[in-house]
**Student:** 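I have a structure I would like to understand better, so I am pasting it below and will then ask my questions one at a time.
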There are 2 protein chains.
Amino acid sequence: MNLKQLSHMLSLSQTTVSRALNGYPEVSEETRRRVMDAAKRHGYRPNPSARRLATGKSGMIGYVLPTGASVDIDPHFVEFLSGLGDYARSHELDLVLSPADADDEETTYRRIVANRQVDAVYISSPRPADRRLALVNTLGIPFIVHGRSEGLDFDYPYLDIDNEGAFHEAARLLLQLGHKRLALINGNERETFAIHRERGVRRALAASGMTLGERHIRSVTMTEENGYRAARRLLEEAEPPTAIVCSSLIMALGVVRAVRDLGLTIPGDLSLVAHDDVFPWLRPENFPVPLSTTRSSIRLAGARVAERLAARISGLEEGARGEVWPVDLVVRGSVAGAPG
Amino acid sequence: MNLKQLSHMLSLSQTTVSRALNGYPEVSEETRRRVMDAAKRHGYRPNPSARRLATGKSGMIGYVLPTGASVDIDPHFVEFLSGLGDYARSHELDLVLSPADADDEETTYRRIVANRQVDAVYISSPRPADRRLALVNTLGIPFIVHGRSEGLDFDYPYLDIDNEGAFHEAARLLLQLGHKRLALINGNERETFAIHRERGVRRALAASGMTLGERHIRSVTMTEENGYRAARRLLEEAEPPTAIVCSSLIMALGVVRAVRDLGLTIPGDLSLVAHDDVFPWLRPENFPVPLSTTRSSIRLAGARVAERLAARISGLEEGARGEVWPVDLVVRGSVAGAPG
DNA sequence: CAATTTAGCCAAAGCGCTTTGGAATACTCT
DNA sequence: AGAGTATTCCAAAGCGCTTTGGCTAAATTG
């Protein structure tokens with residue numbers, strides 16, 4: 001059933017039927033009713049390919065997926081996707097993942113924009129002065145960044161959590177508990193979120209007249225193994241930290257293992273706070289010692305990003321609005337006063 | 001730059017240019033060369049929307065993503081995606097995720113097929129007599145199943161691992177080590193992979209004249225917490241198992257925690273084998289006691305599925321070929337002879 | 001050498017929608 | 001009543017490809 005048949009069946013022109021269906025005003029309410037009715041009854045659905053060719057709109061949002069033999073997709077991605085999909089579903093928006101060589105995402109961005117394959121894109125894990133942002137910004141496709149960049153000479157729309165604030169609070173708590181030697185096990189130092197987290201910790205330390213030594217900060221990709229290694233190195237130093245702030249639950253698993261291997265205890269010898277993106281399959285309250293966390297649902301972020309993308313596509317949202325979500329600090333058993 | 005302009009510029013018809021570009025034989029080699037050349041020089045790229053409308057081919061593969069507030073996307077998905085993307089990239093294939101209400105995926109399948117949004121789809125986590133397979137099979141869109149169904153009255157193309165064989169081997173090993181009381185902590189019992197795994201364990205037990213009691217098998221969604229709970233229940237029984245086979249590394253984390261909480265040790269009091277899908281961020285060799293696993297890279301499976309989908313799209317692969325990959329049994333420190 | 005093929009190219013007709021630029025009818029106003 | 005203004009609808013022109021059905025000139029055949 002296509003438009004031609006439908007309009008013929010109604011003895012109307014394609015124009016009128018099309019307009020009736022798309023809510024244009026130049027069609028009488030009665031005709032619209034008739035058309036809508038017939039469309040529903042015959043299950044008419046406009047062919048998206050045709051509509052797309054005519055309008056240039058695809059009804060899809062895009063994401064450029066960096067791939068490569070040595071490139072691992074962040075496990076957080078799937079949770080973000082859950083939220084995104086949750087919203088997108090209710091709006092019949094599809095998501096297209098365009099795999100790209102991790103060393104050359106630009107070509108892919110250009111392609112999907114030139115081809116008008118998607119109406120908007122979202123970008124995640126931005127870095128300082130991220131070139132992708134500059135690119136999509138000049139290409140003129142609607143977009144939203146999940147996270148933030150820095151040092152760009154233009155504004156852009158984003159959704160981020162208050163990473164600096166969160167880690168500032170975490171560090172401040174530990175300092176108030178009397179800890180003098182803090183360490184930070186962070187994510188990839190080239191990503192903005194990690195920079196912000198470090199900044200938060202430093203700011204808290206500075207407020208107490210302390211600093212974060214080079215050796216007390218580790219930036220690694222967030223795997224259990226890296227968490228373990230980082231923790232071991234830190235704890236085997238001459239003056240080991242009595243508190244660690246850690247950028248992910250997965251790394252925290254490794255930290256806990258390291259602590260055990262060294263015959264130490266949490267929170268007796270070490271206080272631990274980690275960031276929790278809220279995975280359904282790994283929860284901080286179920287750690288051997290319930291883990292204190294800075295918590296922010298990445299899933300909700302996904303839903304919100306989808307919502308804003310939809311708004312931008314339909315012109316309801318404009319400009320470079322940045323949105324920063326506060327982060328909860330949830331205190332559980334893994335923190336205590338500094339050891340004697 | 002569109003076809004019209006390009007052909008005009010070459011003083012050729014659109015027909016000829018189109019044919020030259022798409023490798024049709026009714027154009028002379030010289031002309032083809034000229035056309036190819038000019039196309040490259042001017043960076044001509046056929047508009048996919050137009051091509052799509054004309055041919056009905058989209059150059060994308062589809063996946064229906066079940067969503068809902070209480071629906072969690074399997075974290076394995078992201079690894080599978082890595083592999084898929086890795087292959088798809090080299091073929092300029094995009095992947096479109098169509099979010100669907102988890103209670104009604106059928107509507108979405110029908111939509112993407114009717115709209116010809118994608119050239120092929122893949123289906124994951126099949127269940128026995130999975131209605132999705134029957135649906136796509138009758139809808140006539142090329143597809144591949146990652147996993148297997150059962151009890152369907154038709155054949156279909158799939159890629160699966162030998163879950164039954166893997167768990168059979170794991171159980172057999174434990175039996176040979178003298179274990180008399182085995183337990184299985186499995187995934188969702190309604191998914192075929194879980195059924196196969198159970199079957200494997202049962203078969204091994206049967207070969208030794210034993211059976212798997214109702215209380216020695218737990219089927220749960222694969223979270224750390226569920227692994228913990230299942231293990232606790234099992235281990236707190238009157239005659240606790242001395243060996244556990246577990247369907248995922250994430251659940252194994254919970255098992256390890258439960259064992260500790262109960263003051264037991266691995267492998268002294270309990271031998272443990274788990275299935276490993278090979279995550280970059282959680283490795284069995286890094287468990288407190290290195291974990292024995294049945295191992296199969298889900299990422300490689302993703303790449304293979306993409307490869308076969310591409311082949312089916314281009315007509316290189318036909319029929320209902322099923323492909324079953326063997327699974328490695330990797331023995332590490334977590335298994336030992338049954339306790340006295 | 002006339003009769004056929006064949007190779008190489010083209011005009012035009014889709015694909016199924018949206019949108020422009022009227023046209024016709026009905027309604028309002030003086 | 002006639003001019004002006006809404007209202008409601010339509011024919012046709014795109015959007016940019018692919019593909020069908022020729023057509024012409026060169027090559028092959030008997």
Side-chain angles (χ1 to χ4, degrees), chain A residues 1-36 38-39 42-60 92 111-119 313-315, chain B residues 1-36 38-39 42-60 92 111-119 313-315:
Chain A
M1 169 66 48
N2 60 22
L3 184 60
K4 193 169 178 181
Q5 293 164 23
L6 183 64
S7 57
H8 190 253
M9 158 172 305
L10 284 162
S11 303
L12 283 172
S13 74
Q14 297 189 34
T15 311
T16 305
V17 176
S18 171
R19 292 199 148 136
L21 259 23
N22 294 325
Y24 282 70
E26 51 273 85
V27 60
S28 76
E29 269 318 308
E30 193 205 318
T31 330
R32 187 189 305 281
R33 196 87 53 192
R34 255 182 72 216
V35 171
M36 292 287 215
H42 295 85
Y44 167 76
R45 307 271 298 172
N47 178 319
S49 305
R51 162 175 284 174
R52 189 158 155 176
L53 178 58
T55 64
K57 297 268 166 195
S58 66
M60 310 209 260
E92 287 216 358
R111 189 193 86 212
I112 64 178
V113 169
N115 289 349
R116 314 189 126 240
Q117 290 193 189
V118 295
D119 296 338
I313 289 174
S314 57
Chain B
M1 170 66 49
N2 59 21
L3 184 60
K4 193 170 179 179
Q5 293 164 25
L6 183 64
S7 57
H8 190 254
M9 159 172 302
L10 284 162
S11 302
L12 283 171
S13 74
Q14 297 190 33
T15 310
T16 305
V17 175
S18 171
R19 292 199 148 134
L21 259 22
N22 294 326
Y24 282 70
E26 49 272 85
V27 60
S28 77
E29 270 317 309
E30 193 205 319
T31 328
R32 188 190 306 280
R33 196 86 54 192
R34 258 182 70 217
V35 172
M36 293 287 216
H42 295 85
Y44 168 76
R45 306 270 299 173
N47 178 319
S49 304
R51 162 175 283 175
R52 188 159 156 175
L53 179 58
T55 63
K57 297 269 165 195
S58 65
M60 311 210 255
E92 286 217 359
R111 189 193 87 211
I112 64 179
V113 170
N115 290 349
R116 313 190 129 242
Q117 290 193 189
V118 296
D119 296 338
I313 289 173
S314 57

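Values below: every heavy atom of this structure, side chains too, minus hydrogens, waters and symmetry copies. Proteins get letters first, then strands, A, B, ... in listed order; numbering begins at 1 in each.
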**Student:** Figure out the CG/C1' separation between A/L3 and C/dT19, and round it to whole Å.
**Tutor:** 13 Å

**Student:** Do you know which two heavy atoms are closest between A/M1 and A/Y44, and how far apart they sit?
**Tutor:** O-CD1, 3.4 Å

**Student:** Mind calculating the distance between CG (B/N2) and P (D/dG14) to the nearest angstrom?
**Tutor:** 13 Å

**Student:** Looking at the side chain of A/R19, which of C/dT18, D/dT19, D/dC10 is the nearest nucleotide?
**Tutor:** D/dC10

**Student:** Is it true that B/R33 and B/E30 have a side-chain N and a carboxylate O under 4.0 angstrom from each other?
**Tutor:** no

**Student:** Without decimals, in angstroms, what is the distance between A/N115 CG and D/dC15 P?
**Tutor:** 17 Å

**Student:** When you measure from the side chain of B/S7 to the backbone of B/V17, do you find a donor-acceptor pair of N or O atoms at a distance under 3.5 Å?
**Tutor:** no

**Student:** Between A/R45 and A/E92, is there a salt bridge with N-O shorter than 4.0 Å?
**Tutor:** yes

**Student:** If the cut-off is 4.0 Å, is B/S18 near the phosphate of D/dT18, judged by side-chain N/O to OP1 or OP2?
**Tutor:** yes

**Student:** Is there a side-chain polar atom (N or O) of A/T31 under 4.0 Å from OP1 or OP2 of D/dC9?
**Tutor:** yes

**Student:** Kindly state which residues belonging to residues 43-60 of chain B come within less than 4.0 angstrom of DNA chain C, counting heavy atoms of the residue only, listed by number.
**Tutor:** B/L53, B/A54

**Student:** Give, ordered by number, those residues of residues 5-17 of chain B having at least one heavy-atom distance below 4.0 Å to an atom of DNA chain D; if nothing qualifies, reply none.
**Tutor:** B/Q14, B/T15

**Student:** Report the distance from atom CD of B/E26 to atom C1' of D/dC23, rounded to the nearest whole Å.
**Tutor:** 15 Å

**Student:** With respect to the phosphate group of D/dT19, does any side-chain polar atom (N or O) of B/Y24 fall under 4.0 Å of OP1 or OP2?
**Tutor:** yes

